[in-house]
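Presented below is the structure to which this report refers.
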Amino acid sequence: MALRKVIGTETEYGIAVRSDPDFNPALGSAMVVNSYPGPRVRVQWSYEEETPGRDARGFGHEGYGISDPEGTLVNAVLANGARLYVDHAHPEYSAPESWDPLEAALYDKAGEGVMRRAAVGATERLGGTRLALYKNNSDGKGNSYGAHENYLLSRATPFGDVIRYAMTFLVTRQLFTGAGKVGSENGRPAVDYQITQRADFFEEEVGLETTLKRPIVNTRDEPHGDPTKYRRLHVIVGDANLSEVQIFLKLGTTALILAALEDGALPDPLDLADPVSACWNVSHDLTFRRPLDLDGGGSATALELQWRYLEWLTKYVEKELDEPVWNRVLTEWEGVLADLEEDPALLADRLDWAAKRRLFERYVDRDGISWSDNKLRALDLQYHDVDPERGLYHRLAARGDMRRLFSAEELAAAESTPPERTRAYFRGRCVTDFPDSLVAANWDSLVFDLGEAHLRRVPMMEPLRGSRDLVGPLLDRVDSASQLIQLLGDQ
């Protein structure tokens, strides 16, 4: 049986101070992290167990280490188990490990609330000069920043199989994962509008990098858990989404295909002849009819290939999975593919790229402007503003034009309380209960200062241990970190 697909997301937010052309984004990002008013602990992020240079194909880069020192210095762990820090001059929210795609979507969305409150705090520290944050992936000036996904995999699954099955799926899922973008970048052919913000920036099929020569399948072998048992598939070919349905669908379909792969429930893979060119071709094709050449002959559209994946995974769910969340994924997926065939405008209530396209077409028709007009580029950015008074997505959602999965109360709770069925629960409770004793952390350990000669490290190598059922009664019994460490040692 496939491992539980524990899921987490990482989102680098765009940052700007509109009235200051000399604004330093690294300093501004540090201010954002330090301005978050919610429960948090400023800690040193521990890189002892992190191996960003290890390649899942069996090799790595000599000397490849932590290249972004701001992330080691400006770092907080939040009460919900998430990490908030500076990554390459961007404030980044790394969501806590979640049990299933619906919970993962909830905690991804909770990150927007974290960032919104942090931006308000930073603006106050700037004396009222507005610091803006955007949940997007491109500044329109040739720079792209990431929205990454993480899925727990079995170490027994050959990574060569992961590459083959994931490649075509990741390229073609862009039909429902894109956030939409005016124009093209990175030397790709000119277009008025495209489905995704990231596709133009991918230049290799497989590789270790995430910022240069970006690969469709990333090979970083950093499991954040027991390396003899686990892998972590680090997906970088995706957009930062605001639509709740879209985030759920993106995470759910990807988790399903990985689970089916581990269970040996997939037919032979569907290999593309040229995945890199197919990547931006899918994003540029708003007719959804452009054929993609298949390795070994023949062709198929991205939509046809997605229907094939849906057929495979429907059979898999019927046979192997009985949790209602997976049928919900299939229902949403089928509905999106059917609407793509009938009329993509029907998806404006579920997909960011479709919502933006409908909105921008109205401006083009009403004002007689071209798609290259700077007004549209400004609106493109404004769609992603986390400020509900300014962000166009938030305006659409407020008037009922975007389907929602979560209530305001659920989102607020997820900002301050951790998931209950993963080790994120233990991490989040320690932030809340022992903030003065917690001095360092990473995904698979916490480090406490108990006033002794040596710091005390608590390993957390199992993603599904540290849940409320396992550690909640223990945490409820103790009044200090010292008591906690003592009782953990007695177990």
Between the side chains of Lys250 and Asp108, is the shortest nitrogen-to-carboxylate-oxygen separation below 4.0 Å, so that they form an ion pair? no
Should Arg427 and Glu97 count as an ion pair when the cut-off is N to O under 4.0 Å? yes
Is the shortest side-chain N to carboxylate O distance from Asp352 to Lys135 below 4.0 Å? no
Are the side chains of Leu411 and Glu112 in touch, meaning some heavy atoms are under 4.5 Å apart? no
Side-chain contact test, heavy atoms from C-beta onward, threshold under 4.5 Å: evaluate it for Asp239 versus Gln246 and give yes or no. no
Do side-chain atoms of Arg198 reach the backbone of Ile236 as a donor and acceptor pair under 3.5 angstrom? yes
Once you round to the nearest 0.5 Å, how far does CG of Leu474 lie from CZ of Phe426? 7.5 Å
With a 6.0 Å cut-off (strictly less than), is the heavy-atom count around CD of Glu389, excluding the residue itself, greater than 12? no
Using a strict threshold of under 4.0 Å (side-chain N to carboxylate O), is an ion pair present between Lys5 and Glu262? yes
Check whether the side chains of Tyr145 and Asn136 place a donor and an acceptor atom closer than 3.5 Å, and report yes or no. yes
So, the side chain of Ser98 versus the backbone of Asp100: is there a donor-acceptor pair under 3.5 Å, distance only? no
Aromatic ring proximity, centroids under 6.0 angstrom, Tyr309 and Phe169: yes
Can you tell whether the side chains of Asp401 and Arg395 come within less than 4.0 Å, N to carboxylate O? no
Lys/Arg-Asp/Glu bridge criterion (N-O < 4.0 Å) met for Arg232, Glu10: yes
Would you check if there is a donor-acceptor pair between the side chains of Ser94 and Glu92 at a distance under 3.5 Å? yes
Is it true that, when you exclude Arg468 itself, more than 12 heavy atoms of the residues, nucleotides or ligands shown sit nearer than 6.0 Å to its CZ? no
Quick one: OH on Tyr230 to CG on Leu3, what's the gap to the nearest 0.5 Å? 6.5 Å
Taking the six-membered ring for Trp, are Trp443 and Trp45 ring centroids under 6.0 Å apart? yes
Within this structure, what is the CZ-OG distance for the pair Phe202 and Ser144, rounded to the nearest 0.5 Å? 7.0 Å
Is there a side-chain contact between Val235 and Arg173, using heavy atoms and a 4.5 Å cut-off? yes
Check for a donor-acceptor pair, side chain of Glu320 on one end and backbone N or O of Tyr316 on the other, with a separation under 3.5 Å. no
Residues Arg429, Asp476: salt bridge by 4.0 Å N-O rule: yes
Would you say the side-chain atoms of Arg423 and Ser467 include a donor-acceptor pair closer than 3.5 Å? no
Side chain to side chain, Leu258 and Leu153, heavy atoms closer than 4.5 Å: yes
Value for OG1 (Thr253) from CD (Gln306), rounded to nearest 0.5 Å, stands at 7.0 Å
Just how far is it from atom OG of Ser29 to atom OH of Tyr13, taken to the nearest 0.5 Å? 13.0 Å
Can you find a heavy atom in the side chain of Ile15 that is under 4.5 Å from one in the side chain of Leu131? yes
Would you indicate whether the side-chain heavy atoms of Lys109 and Glu244 approach each other to under 4.5 Å? yes
Under a 4.0 Å N-O cut-off, is there an ion pair linking Arg403 with Glu332? yes
Does any part of the side chain of Ile216, heavy atoms only, come nearer than 4.5 Å to the side chain of Met167, both counted from C-beta? yes
Using the six-membered ring of Tyr85, assess whether NZ or CZ of Arg83 lies under 6.0 Å from its centre and within 45 degrees of the ring axis. yes
Candidates Leu175, Leu249, Thr331, Leu310 - the one meeting side chain to side chain contact (heavy atoms under 4.5 Å, CB included) with Val336: Leu249
So does Glu334 have more than 12 non-hydrogen atoms from other groups sitting under 6.0 Å from CD? no
Between Asn150 and His234: side-chain donor-acceptor atoms closer than 3.5 Å: yes
CG (Leu102) and CD1 (Ile247) are apart, to the nearest 0.5 Å, by 11.0 Å
Ion pair Glu311/Lys315, N-O distance below 4.0 Å: yes
Any salt bridge linking Arg456 with Glu452? Criterion: basic side-chain nitrogen under 4.0 Å from a carboxylate oxygen. yes
Side-chain heavy-atom pair Phe176, Trp353 within 4.5 angstrom cut-off: no
Looking at Tyr425, I'd like to know if the NZ or CZ of Arg465 sits under 6.0 Å from its six-membered ring centre while staying within 45 degrees of the ring's axis. no
Pair Asn34, Arg42: side-chain N/O donor-acceptor within cut-off below 3.5 Å: yes
